[in-house]
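Inspection log for the structure reproduced underneath, given as structure tokens.
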Amino acid sequence: MTEPHSAVAEHAEHSPYLRHHFDSMEQQFDSATLGMWVFLLTEIMFFGGMFGAYTVYRSMYPAAFASTSMHMNPAFGAANTAVLIVSSLTMALAVRSARLGKQQALQMFLVLTMLFGIAFLVIKGFEYHEHWVDMKVPLFSGHWDYSNTPEFPHQAQYSHQAQILFCFYFFMTGFHALHMLVGVGLMTTILMMARHGIFSKDYFTPVEISGLYWHFVDIVWIFLFPLLYLIGNARKLI
Amino acid sequence: MQVPLFPEAASSIARQVDYLYAYLSVVTIVMTGLIFAVVFFFAVKYRRKSENEMPRPIHGSVILEITWSIIPFIVMLSFFWWGAQIFFANATPPSNAMDVYVVGKQWMWKIQYPEGTREINELHVPIGRPVKLTLASEDVIHSFFIPAFRIKHDVVPGRYDTMWFTATKPGRYHIFCAEYCGTEHSGMVGWVTVMTDSDYENWVAAGGTEGSMAQQGERLFEQYGCSTCHQADQQGRGPNLRGVYGSRIQLTDGRSVQADDAYIRESILNPNSKVTAGYRPDVMPTFQGQISEEQLLQMIVYIKSLANPGAPASTGGRQ
Amino acid sequence: MSTALQTPEVAETPNYLNSEYGWKSWLFTKDHKRIAVLYIISITVMFFIGGIFASLIRIELLTPQGDLVNSGTYNKFFTMHGIVMVFFFLIPSIPATLGNFFLPMQIGAKYLAFPRINLLSWYIYIAGAIFALAAIVLGGVDTGWTFYTPFSSTYSNTFVITAAVGVFIAGFSSILTGLNFIVTVHKMRAPGMTWGRLPLFVWANYATSLIQVLGTPVVAITLALVGLERAFHIGIFDPAIGGDPILFQHMFWFYSHPAVYIMILPGMGVISELVTCFSRKSIFGYPFVAASSLGIAIIGFLVWGHHMFVTGMSMYASLYFSLLTMLVAVPSAIKIFNWTATMFRGSISYDTPMLYAFGFIGLFTIGGLTGLFLATLGVDVHVTDTYFVVAHFHYVMVGGMVLAYLGGMHFWWPKITGRMYPEGWAKFAALLVFAGFNLTFFPQFITGYLGQPRRYHAYAPEFQVLNVMSTAGASVLGLGYIIPLIYFLWSMKYGPKAGNNPWNAKGLEWQTTSPPPTFNFEQTPIVTEDAYAYGSESAPEEAHHHD
């Protein structure tokens with residue numbers, strides 16, 4: 001039996017981050033990115049299920065939907081959209097910095113991305129709070145009130161259906177916010193790793209695949225925003 | 001002990017379903033037999049005789065692949081075609097079908113006839129006349145299944161489902177609930193009795209202590225205050241309902257809908273979803289949760305009777 | 001008579017089983033083979049739990065009245081039988097056990113692409129199983145494995161959320177396994193192992209992984225919505241406030257129909273391995289068999305509505321789903337024909353794995369064809385929701401998948417454990433399984449057409465004779481399952497040692513020792529021949545090693 005071929009020799013020359021089940025850094029990188037893409041595919045199907053169900057109910061109850069859209073705050077939504085788009089920019093710049101081996105830039109862009117992510121969550125918090133105060137949270141008894149008000153004199157008739165639609169609003173944005181939280185956690189880990197000098201031109205795989213995840217979560221929001229905030233609410237914006 | 005393979009065939013389509021089933025069975029048995037036989041034959045004929053035997057590889061044959069893809073698919077298309085035909089026939093009840101109303105709830109079937117007779121877990125029908133069942137659920141999804149008629153339809157809460165049949169053989173046959181609905185699902189069973197025409201007429205005339213469904217519906221119409229706005233002979237705050245059932249209704253948003261059972265039900269439970277053109281929304285209150293499914297059906301039969309002033313409340317092919 | 005076993009006189013070679021000892025070396029392993037063994041143990045436990053529920057069902061159904069247990073308890077029996085068997089046995093079964101063990105080896109890889117994610121998927125499976133078992137132990141769940149609303153979301157008083165959480169969690173195990181396989185097949189193939197040379201077992205698992213990755217998230221979100229509805233008392237699927245119970249069914253079956261292909265494709269992959277090895281012949285129509293796996297996976301996503309023909313779906317939708325379902329049967333038929341043609345002019349031995357393959361071919365044919373009965377609209381209206389459906393799916397899932405699993409376990413047992421099982425007992429058990437299975441489930445086609453609805457605790461007396469036959473068959477079938485459990489365990493200590501390749505099979509996994517070393521191959525193989533290159537003109541060189 002020949003000695004483990006060139007294993008000893010190779011050990012000296014390959015990156016310390018090459019996992020032993022891969023033959024090369026390139027194979028490792030390709031596998032990791034393909035793995036992340038497949039995972040994102042599952043996420044598309046997960047969110048897709050919710051989007052699909054929401055779309056079905058919306059088309060079943062157009063009048064109720066029109067009434068619920070009056071309670072969405074497109075200002076918050078737009079702010080969040082801007083925040084996320086900028087965060088995707090900083091994320092992309094972080095990945096680029098990693099590819100170029102620029103440690104300071106990498107860390108700076110990671111921090112910025114995290115800050116924008118946290119800003120998103122904070123704005124979301126304000127938005128949810130507004131719904132809570134407004135009694136538009138059907139998930140908890142005592143926090144749902146869709147009776148007629150001077151501002152919305154005809155909405156009570158849609159109360160039940162609005163309840164369903166609002167539930168979807170909270171589930172969709174809630175699951176999205178959960179994914180954002182995970183994203184911020186990921187960024188924290190990546191930042192830690194960056195501070196330990198782990199990344200270089202030859203090895204930046206975790207940055208790359210976290211970037212993919214971050215962009216995906218951003219894209220989900222890009223679909224959520226028009227669907228939940230813009231369509232049917234055009235009047236309020238103008 | 002004799003074990004039957006087929007249930008009684010007591011409806012106009014039962015035999016057709018049986019023939020199709022027999023056809024499917026024959027194809028299945030032939031195909032299965034063929035595969036079994038060929039595999040068995042090969043297994044015996046080509047049984048390994050020595051340890052070092054190494055047969056020559058045969059990699060494939062595109063012609064064979066195409067043949068044994070296309071021919072089975074064509075046979076399957078014949079299944080599809082025949083099955084679709086029966087399905088089509090089942091889908092639309094004849095216009096002279098007599099109506100019976102079935103409400104399923106955990107765990108019983110409540111049956112009402114337009115004449116006013118009511119039964120629990122029993123259905124009586126005349127032979128030779130098409131019967132259209134309107135199915136409603138008070139709670140979860142049930143399914144109304146009569147094996148002898150080879151028909152089944154889910155009974156879904158929140159809407160009406162319909163099914164129809166023509167019974168062809170006198171007798172008593174099982175009714176089963178065929179969609180799991182909770183604890184006593186297997187107890188939600190009953191019997192359908194097929195009677196001769198004259199027996200049925202006598203039977204249905206005898207029952208109904210509270211009047212016909214239309215009469216009961218009319219009382220409810222008064223009781224719930226419907227007549228306040230839907231006045232008998234003039235336009236009130238709500239549309240006059242004479243002649244409404246079965247007509248085409250223009251709505252405020254420009255759509256037009258057929259005024260059928262489902263429309264009437266929805267109008268009572270969720271009035272603002274479809275508002276008649278020329279009337280304002282938010283005027284009619286909703287009766288969701290106040291009127292039971294059975295009562296809704298009675299009111300629908302009453303409103304139906306307003307379509308043809310002078311015609312008897314129950315429909316059907318009686319001459 | 002099985003092929004000659006080698007009785008090596010050398011001391012036991014280092015292999016993945018003896019390389020390290022201790023519970024930590026197992027619970028923190030990154031070795032796909034050890035993870036496969038962990039899965040084998042877990043799913044065997046779940047199988048027998050599901051089997052106990054099946055036995056209780058069949059005992060109750062000996063008599064028309066509901067006299068063994070009360071209705072609520074019976075409803076829990078069939079629900080938990082379904083949940084455990086579908087989500088905790090059938091879905092993981094072959095991919096997580098034989099797939100985890102042999103997919104990397106068959107493509108010449110030393111590892112899966114993501115070894116730690118593989119271990120994570122096992123832990124996630126265990127977490128899901130704990131929730132499912134908790135639901136059982138706390139008092140059970142009675143919604144049917146299909147969780148139809150509004151019964152499951154509003155009316156049931158049992159541990160629905162607990163069970164749904166268990167299934168939700170187990171779904172992620174399934175997703176991660178599929179993800180791992182996809183990346184492994186794309187990126188970790190040995191030199192020379194082109195897509196066109198992949199063993200069909202790999203193709204089958206790859207197609208399965210596509211379904212797992214695309215379909216499972218949809219059932220996850222569907223069950224999450226049901227759970228949220230129960231928790232917050234809102235009415236997404238409750239018609240009383242405008243919810244649509246049929247929407248649930250569409251979402252549920254969008255996953256659960258492709259799921260049944262997760263539950264058969266790996267089995268078909270095993271059968272391809274068995275038929276070729278025990279006919280000592282290359283597969284007939286390789287490209288067609290490989291493509292049919294992908295075809296089943298893709299078309300399988302387009303047919304879910306055939307579970308809903310009597311719900312009041314539109315005529316057009318019903319026609320579409322019926323037609324597409326006919327179409328999805330074609331790739332399955334192609335496989336059956338190709339396996340049969342492989343046997344033509346082969347050299348066929350009757351070892352136990354081949355007996356299971358024979359059984360599969362026959363029983364899957366019946367199961368698949370009876371699926372066509374259900375796809376045929378006019379007949380489906382009569383037989384849906386009856387025992388006809390129960391018989392159909394047990395023919396494909398037990399007569400198909402379980403037989404394939406047993407066949408695969410017997411085939412690869414010497415490789416996994418280094419020991420041989422007792423062939424005489426194994427043949428006997430295989431016959432018991434075949435006979436018991438048919439006696440159990442064939443009468444159910446008949447009672448179904450006669451009108452016996454499914455999920456019935458008590459039934460009309462005229463169905464009794466056939467039900468008694470069915471229970472008798474179940475006893476035989478149960479024995480047929482218990483005997484292999486016993487002799488497999490026995491063989492681990494007392495079975496004769498198996499050589500590297502007791503079946504003289506092709507496939508890279510047979511080029512290693514039995515059991516294999518931890519890193520599978522000393523050197524990366526270089527592949528120069530097609531899969532199943534039995535009887536090729538050139539002396540089969542196997543994989544020669546590069547230095």
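Every chain is numbered from 1 and lettered A, B, ... according to where its sequence line falls, protein lines coming before strand lines.
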Which atoms of C:L327 approach chain B - backbone, side chain, both or neither, heavy atom under 4.5 Å: both

dist C:T365:OG1 -> B:L34:CG (nearest 0.5 Å) comes out at 10.0 Å

What's the verdict on ring-ring contact (aromatic ring centres under 6.0 Å, His included) for B:F145 and C:H382, showing C-alpha distance, side-chain angles and the deciding distance? CA-CA 8 Å; B:F145 177 33; C:H382 177 58; 5.7 Å; yes

Proximity breakdown for B:L64 and chain C, heavy-atom pairs closer than 4.5 Å: side chain

Give the member of C:S156, C:A460, C:P443, C:A458 that has the highest number of heavy-atom pairs under 4.5 Å with chain B. C:A458

Contact origin within B:Q85 toward chain C - heavy atom pairs under 4.5 Å: neither

Please classify the contact of C:F78 with chain B as side chain, backbone, both or neither, using a heavy-atom distance under 4.5 Å. side chain

Closest-packed option against chain C by number of heavy-atom pairs under 4.5 Å, given B:A84, B:G158, B:P147: B:P147

Side chains of B:R47 and C:Y350 in contact at under 4.5 Å (non-hydrogen atoms): yes

For the candidates C:W339, C:F309, C:Y74, C:Y148, which exhibits the highest count of non-hydrogen atom pairs separated by less than 4.5 Å from chain B? C:Y148

Do you know the tightest heavy-atom contact between B:K152 and C:T386? NZ-CG2, 4.1 Å

Please determine, among C:Y532, C:F337, C:F358, C:Y286, the option with the most heavy-atom pairs under 4.5 Å with chain B. C:F337

Sort C:L323 into side chain, backbone, both or neither according to what part of it lies under 4.5 angstrom from a heavy atom of chain B. both

Would you mind checking which part of C:T143 comes under 4.5 Å of any heavy atom in chain B, side chain (CB onward), backbone (N, CA, C, O), both or neither? backbone

Side chain, backbone, both or neither of C:F364 within contact of chain B (heavy atoms, under 4.5 Å): neither

Max heavy-atom pairs within cutoff under 4.5 Å with chain C, candidates B:T32, B:V38, B:V189, B:V140, goes to B:V140

May I ask you to test the C:R345-B:R56 pair for a side-chain heavy-atom distance under 4.5 Å? no

Quick check on B:N270 against chain C: is it the side chain, the backbone, both or neither that has a heavy atom closer than 4.5 Å? neither

Do you know which of B:A91, B:S143, B:A14, B:A43 has the most heavy-atom pairs with chain C at a distance under 4.5 angstrom? B:A43

Contact class of B:I58 relative to chain C, heavy atoms under 4.5 angstrom: both

Would you indicate whether B:F73, at its atom CZ, is surrounded by more than 12 heavy atoms from other residues, nucleotides or ligands within a distance under 6.0 Å? yes

Report the option among B:S25, B:A89, B:G187 that has the most heavy-atom pairs separated by less than 4.5 Å from atoms of chain C. B:S25

Classify the ring geometry between B:F42 and C:F344 as parallel (under 30°), tilted (30 to 60°) or perpendicular (over 60°). tilted

Stepwise, does the side-chain contact (heavy atoms from CB on, under 4.5 Å) test hold for C:D385 with B:Y180? CA-CA 9 Å; C:D385 277 316; B:Y180 175 67; over 6 Å; no

Heavy-atom pair count under 4.5 Å with chain B, highest-scoring of C:D380, C:V310, C:V379: C:V310

Kindly give the heavy-atom pair with the smallest separation between C:S279 and B:P55, and that separation in Å. O-CG, 3.7 Å

Less than 4.5 Å to any heavy atom of chain C: does that hold for the side chain of B:E138, its backbone, both, or neither? backbone

C:D530 vs B:H59, test: side-chain contact (heavy atoms from CB on, under 4.5 Å). Steps then yes/no. CA-CA 11 Å; C:D530 287 340; B:H59 290 291; 5.5 Å; no

Can you tell if the side chain of B:M31 reaches within under 4.5 Å of the side chain of C:L369, non-hydrogen atoms only? yes

4.5 Å side-chain heavy-atom contact, B:E65 and C:F284: yes

Counting C-beta onward and ignoring hydrogens, is there a side-chain heavy-atom pair between C:F151 and B:Q106 closer than 4.5 Å? yes

Who wins among C:G144, C:P239, C:G72 for the most heavy-atom pairs under 4.5 Å with chain B? C:P239

Is it the side chain or the backbone of B:C181 that comes within 4.5 Å of chain C heavy atoms, both, or neither? backbone

Is there a side-chain contact between B:P57 and C:Y534, using heavy atoms and a 4.5 Å cut-off? no

Under a 4.5 Å heavy-atom cut-off, does chain C meet the side chain of B:V156, its backbone, both or neither? side chain

Rounded to the nearest 0.5 Å, what separates atom OG in B:S61 from atom CZ in C:F288? 8.5 Å

Nearest atoms (heavy-atom pairs only) where B:L5 meets C:Y449: O-CD2, 3.9 Å

The interface call for C:Q464 against chain B, heavy-atom contacts under 4.5 Å, is neither

Largest heavy-atom contact set with chain C, pairs under 4.5 Å, which of B:Q16, B:M163, B:H153, B:R150: B:R150

Aromatic ring pairing B:F176/C:F463, orientation class (parallel under 30°, perpendicular over 60°, tilted between): tilted

Among B:F87, B:W82, B:F149, B:F88, single out the residue with the greatest number of heavy-atom pairs under 4.5 Å to chain C. B:F87

Rounded to the nearest 0.5 Å, how far apart are CG of B:L24 and CG of C:L372? 7.5 Å

Atom of C:R455, atom of B:H185 and distance for their closest heavy-atom approach: O-CD2, 3.4 Å

Backbone of C:A240 reached by a side-chain donor or acceptor of B:Q288 within 3.5 Å: yes

Please round to the nearest 0.5 Å and tell me the distance separating atom OG1 of C:T311 and atom CD of B:E179. 9.5 Å

Rounded to the nearest 0.5 Å, the CG atom of C:L450 sits from the NE2 atom of B:H174 at a distance of 9.5 Å

Okay, B:P72 and chain C: the region with an atom under 4.5 Å from a heavy atom over there is side chain

Given the rule in the side-chain contact (heavy atoms from CB on, under 4.5 Å) test, do C:L319 and B:F80 qualify, once you have shown the distances and angles that lead to the verdict? CA-CA 8 Å; C:L319 287 172; B:F80 165 73; 4.0 Å; yes

Less than 4.0 Å between a side-chain N and a carboxylate O, is that true for B:E53 and C:K281? no

Calculate, to the nearest 0.5 Å, the distance between atoms CD and CG belonging to B:E184 and C:N70 respectively. 8.5 Å

Taking it one step at a time, do B:I141 and C:T149 satisfy side-chain contact (heavy atoms from CB on, under 4.5 Å)? CA-CA 8 Å; B:I141 304 181; C:T149 61; 5.7 Å; no

Engaged part of B:L269 at the chain C interface, taking heavy atoms whose separation is under 4.5 Å: neither

Side chain / backbone / both / neither for B:Y21 at chain C, heavy atoms under 4.5 Å: both

Pick one of side chain, backbone, both or neither for B:T162, based on which atoms fall under 4.5 Å of a heavy atom in chain C. neither

Residue, of C:I336, C:T384, C:L466, C:I366, that accumulates the most heavy atom pairs under 4.5 Å with chain B: C:T384

If you count the non-hydrogen atoms of other residues, nucleotides and ligands that lie under 6.0 Å from CZ in C:F442, is the total more than 12? no

